[in-house]
Amino acid sequence: MIVQKCERTITKIKNILLNFLFENLILYIYIFHLKQKKNKISIFLCSDLFEELTPPECEAGWELHGGNCYYFSNYKSSWTESRDSCRGQGGDLVKIDSREEQIFLAERLKELMKDDDDKFWIGLTDSAEEGRWLWVDGSLFWKDQEPDNLSKDGASQADCGRMGEKKGVDNLKSWFDISCLYLQKSICEKGAGTIQSSSVCV
Ligand SMILES: [Ca+2]
Ligand SMILES: [Ca+2]
């Protein structure tokens, strides 16, 4: 009789333990799923947050415009030296890709130029092949007016593009070709960077 009682008690305890383990297993699975969901939500929120926190920005001395950074150098040097300087800073002489970019630059130059001869080098040259004007990235530019190869240096000498009309009223006609050896100020351009955040977002 006592033995039977003991067996029943042991069976009861076994059942209680099994139930306990089963409930814990369910709980464990539930927690595992919750953690996975939390990770997914964190990644989503963080990527969203990073997009909010990382607007394009430029280094000190560079101006941000349209996703690019521009450096208006006051140092006067030849076209080649100016280009080397831009490249040394991770950019290149400016390439004007749009009417909007042209107007932005022309307006800034009006403010920066001391007089009408105080122009700035841009990344345009026909030094590789006379009359074939190329941007510094190798893309072709040609327009009937400027650069016209009719500067005082003569066509074969007027191989580099400079920009700026201190008093000009037409921002779209402010490129001029001249000998690359002239000492001019220059405009560098490079893509804007983003803020490097050190915050942990997991
Ligand atoms: Ca550009
Ligand atoms: Ca030329």
Side-chain angles (χ1 to χ4, degrees), residues 51 54-113 116-166 168-195:
E51 278 178 19
T54 55
E57 69 162 18
C58 300
E59 294 159 31
W62 292 68
E63 294 182 27
L64 178 65
H65 181 81
N68 288 316
C69 299
Y70 299 88
Y71 181 70
F72 298 89
S73 175
N74 283 323
Y75 182 72
K76 290 186 177 182
S77 57
S78 69
W79 187 89
T80 304
E81 285 169 332
S82 300
R83 187 180 184 201
D84 287 345
S85 173
C86 291
R87 295 174 89 175
Q89 298 174 79
D92 209 330
L93 280 173
V94 67
K95 176 192 175 191
I96 300 165
D97 300 280
S98 66
R99 183 187 187 93
E100 191 275 332
E101 188 177 20
Q102 164 72 16
I103 291 169
F104 160 69
L105 294 171
E107 287 297 324
R108 284 296 288 124
L109 293 192
K110 278 182 192 171
E111 297 162 4
L112 295 169
M113 290 167 67
D116 213 36
D117 197 45
D118 190 26
K119 301 188 191 302
F120 286 64
W121 288 127
I122 58 174
L124 196 59
T125 180
D126 76 337
S127 56
E129 183 185 334
E130 181 54 42
R132 186 176 155 84
W133 286 90
L134 299 176
W135 288 110
V136 283
D137 66 355
S139 56
L140 183 66
F141 172 82
W142 181 251
K143 200 167 184 291
D144 290 338
Q145 296 174 2
E146 293 283 1
D148 56 11
N149 269 328
L150 291 175
S151 82
K152 57 189 174 184
D153 301 317
S156 62
Q157 295 299 313
D159 289 346
C160 286
R162 60 179 189 164
M163 176 177 180
E165 276 274 34
K166 178 73 180 165
V169 287
D170 189 344
N171 285 336
L172 299 178
K173 293 180 181 173
S174 55
W175 301 359
F176 308 90
D177 49 347
I178 197 170
S179 163
C180 304
L181 300 177
Y182 267 65
L183 304 183
Q184 299 275 211
K185 296 175 180 177
S186 54
I187 311 170
C188 304
E189 179 186 17
K190 64 179 171 181
T194 52
I195 297 167

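Numbering of ligands and ligand atoms starts at 1, following listing order.
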With rounding to 10 degrees, A158 O, the Ca ion (ligand 2) and E130 OE1 define an angle of 150°
Angular separation of OD1 (D159) and OD1 (D126) seen from the Ca ion (ligand 2), to 10°
60°
Going by the salt bridge (Lys or Arg N to Asp or Glu O under 4.0 Å) test, which pairs reach into residues 58-71, not counting sequence neighbours?
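Listed by first then second residue: E59-K190, E63-R108.
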Any donor-acceptor pair under 3.5 Å linking the side chain of [X] with the backbone of [Y]?
| X | Y | value |
| --- | --- | --- |
| R162 | Y182 | no |
| W79 | I122 | yes |
| E130 | D126 | no |

Distance criterion under 3.0 Å: protein N/O/S atoms around the Ca ion (ligand 1)
6
Taking salt bridge (charged side-chain N to carboxylate O under 4.0 Å, His left out) as the test, write out the residues that go with E100, two or more places apart.
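Salt bridge (charged side-chain N to carboxylate O under 4.0 Å, His left out) check on E100 returns nothing, list empty.
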Under the side chain to side chain donor-acceptor pair (under 3.5 Å) test, which residues partner S78, sequence neighbours left out?
E81
Calculate, to the nearest 0.5 Å, the distance between atoms CD and NZ belonging to Q184 and K76 respectively.
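Reported to 0.5 Å precision, the distance equals 7.0 Å.
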